[in-house]
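Working notes, structure below.
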Amino acid sequence: MLAPGYDVNTGAETRWNADEYKTNPYFTINKKEDNSSRDRFISSALIKYDLSNWVFLQGRFGYDISNDHIISIVPTGTAFSINGQGGINALNQSKTSELNTDILLSGNRDITKDLNIDISAGASFRNRRTKSNELTGTQFIIPYLYTVENLAAVSSKNALTRIVTQSAYYTIDLDFKKYLTLSSTGRYDVYSTLPRNSRGIFVPSVSGSFIFSNFLKIKGLDFGKIRASFAQTSGEPAVPYTTQIYYSSDKSINGVPLGNFSRDLPNYNLKPFTLNEFETGINLKLFGNKLDLDFTYFHRITNKEIINAGQSVTTGFTSAYVNLGKTRNTGIETSIQTNLITNKNFSWKAGINASHINNLLISIDGISSYAFGGTYRPLNASTALVVGKSITQIMAYDYQRDKNGNMIIGTDGIPKRGDMKPMGSVLPSYYGGFSNNFQYKSFSLSFLIDYKFGNKILSATETYSYVLGLNKATLIGRETGIVANGVYENGETNTINVPAYNYYPALATNISALAVLNGSFIKLRQVVLGYTFSSKILNKTPFKNVSIDLIGRNLLTILKYTKNIDPESQFSPSLAYAGIEGASLPATRTFGINLNLKFK
């Protein structure tokens with residue numbers, strides 16, 4: 001019925017539902033054109049000169065240039081296009097270049113027989129430029145001729161961005177008898193993306209470690225080290241030109257170009273964000289290095305983190321770049337690596353790593369209690385930063401209830417909407433993995449299982465499945481109608497019967513909490529089966545080593561709580577849109593072959 005996705009006589013898309021924006025998947029496969037390509041060249045150079053037997057001067061140069069080409073065609077016959085004439089979604093060409101240079105003066109010397117010092121000072125310069133040309137257009141005049149000249153309406157945009165970072169830094173490391181080390185670093189950065197009066201910032205760090213196993217002779221202990229550090233780092237906005245309004249020309253009307261400006265409200269008072277982190281940990285190697293244990297505790301305070309927060313459209317803007325007041329992250333990280341079996345023909349190594357993070361938004365600007373982030377297409381829920389809660393929260397409407405906990409039902413028989421409230425963080429609080437590696441003679445087999453727990457997902461697919469009657473929950477009352485279990489505002493029991501085709505779309509629109517899902521999962525992330533050819537086989541070949549691996553990734557979801565979507569589906573990597581699923585495709589299961597050749 002759906003295939004091939006279009007009418008073979010007219011080329012028009014074969015519609016499969018009432019929503020023209022839900023394109024027939026076979027039409028997408030057979031007709032849509034999406035292509036991207038990249039040409040990239042990377043070069044680097046290093047010059048080093050020894051001033052003495054313990055001091056050297058070094059200069060480094062790196063240049064990375066790439067040209068990207070993207071084309072996305074909405075083909076003739078697409079249902080949602082104007083008169084089914086299609087268009088060009090994107091015809092983009094961009095050139096990005098990045099120059100990195102630094103100079104370093106470094107020395108290493110024994111001050112005494114037991115004390116060594118390693119000291120360095122340097123400066124660096126980073127210059128990143130991006131030039132892009134973007135074109136979009138609608139309505140191909142001649143069907144199936146996908147050229148710019150064949151478009152009825154064309155809009156183009158040219159952009160040029162530049163980011164410059166200048167830095168100076170030092171490091172000092174003291175080593176006493178190879179078991180006690182003390183280190184200090186300092187860095188001064190100047191960011192071009194920030195206002196002129198607040199571009200520069202200095203950030204220091206100190207750290208130390210002590211190998212106590214040199215003094216404690218404990219049976220089974222091969223190595224033991226404790227460590228502690230305090231470090232401050234800084235950062236800038238992810239994109240430039242956030243501190244002023246910049247105007248641009250837009251599409252033309254009767255040959256007259258229109259002016260335009262960004263819908264991001266500029267911030268003339270942006271400052272670099274800083275992250276202060278204290279970390280301490282211990283590393284133990286036991287029983288002939290068969291067991292390796294590592295434990296870390298960290299406490300991070302981020303001040304003035306820069307985010308793009310949603311704004312009321314009444315301001316004339318849709319979002320604004322702001323310095324988030326303060327966030328706190330505390331947590332632990334553990335790692336266990338073991339050599340379970342080691343003999344001539346067979347070995348088995350296993351590893352477990354686990355992390356737990358507790359994050360909290362302490363303040364935004366000293367006044368606001370929340371700042372909205374991203375939303376999804378149903379537009380009845382969003383993400384937000386909420387003071388006193390973990391970052392980032394899903395804000396959704398729950399059921400309205402009376403003082404006894406009963407659902408309040410409206411006069412139309414539909415549960416009424418309650419307050420919009422936080423439903424949980426989109427960031428996991430527990431995550432980690434379990435790895436195994438088996439080696440038998442020349443064969444090897446390894447696999448990785450990873451997991452995330454404690455995060456929520458805002459799912460557009462879940463909402464639409466209620467609206468379109470595709471969710472299993474909508475089977476209830478499909479033949480008989482639904483009488484919602486609740487009371488009217490006057491306390492009387494609801495008796496209104498509502499047809500399922502009216503009830504579920506209205507319910508999903510009112511109660512966006514239905515779209516908030518548990519995003520926890522366990523996945524078989526990777527399996528690798530390999531074979532290494534013996535030196536005897538390669539004796540008369542030009543190869544020193546030859547190995548071949550069969551690789552599979554994203555092979556199996558062992559556990560998930562989202563019945564209709566992949567819990568890792570999301571349509572943007574931005575923190576504002578993290579955890580939002582918008583009818584995305586699941587992660588691709590991939591298979592590959594890796595051949596590794598080393599010549600003699």
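Treat the numbers as computed from the prediction; the structure is a model and nothing was measured. When a residue number appears, it is its place in the shown sequence, counting from 1.
No donor-acceptor distance shorter than 3.5 angstrom exists from the side chain of N518 to the backbone of Y561, with no hydrogens or angles considered. Looking only at distances, no side-chain donor or acceptor of T392 sits under 3.5 Å from a matching main-chain atom of L385.
Side-chain contact check for Q93 and N67: no donor-acceptor pair (N or O, by modelled atom type) lies under 3.5 Å. Side-chain atoms of N100 and E98 include a donor-acceptor pair closer than 3.5 Å. S262 and Y241 are not linked by any side-chain donor-acceptor pair at a separation below 3.5 angstrom, with hydrogens and angles left out of the test.
Y451 and F453 have tilted rings, their planes meeting at an angle from 30° to 60° on a 0 to 90° scale.
Contact check for K22 versus W16: side-chain heavy atoms found under the 4.5 Å cut-off. Side-chain contact between Y577 and T383 is absent, with no heavy-atom pair separated by less than 4.5 Å. Contact check for D264 versus T242: no side-chain heavy atoms found under the 4.5 Å cut-off. You'll find the side chain of F27 stays beyond 4.5 Å of the side chain of K32, heavy atoms only. Between R417 and N380 there is a side-chain heavy-atom pair separated by less than 4.5 Å.
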### Message
Walk me through whether S124 and D102 qualify under side chain to side chain donor-acceptor pair (under 3.5 Å).
### Response
CA-CA 4 Å; S124 65; D102 66 32; over 6 Å; no

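Nearest approach of T463 to A508, heavy atoms of both residues: O-CB, 4.0 Å. When every heavy atom of D39 is checked against every heavy atom of H69, the shortest pair comes out as OD2-NE2, 4.1 Å.
The salt bridge (charged side-chain N to carboxylate O under 4.0 Å, His left out) analysis of residues 513-527, with sequence neighbours excluded, yields the pairs D450-R525, K523-D566, K523-E568, R525-E568.
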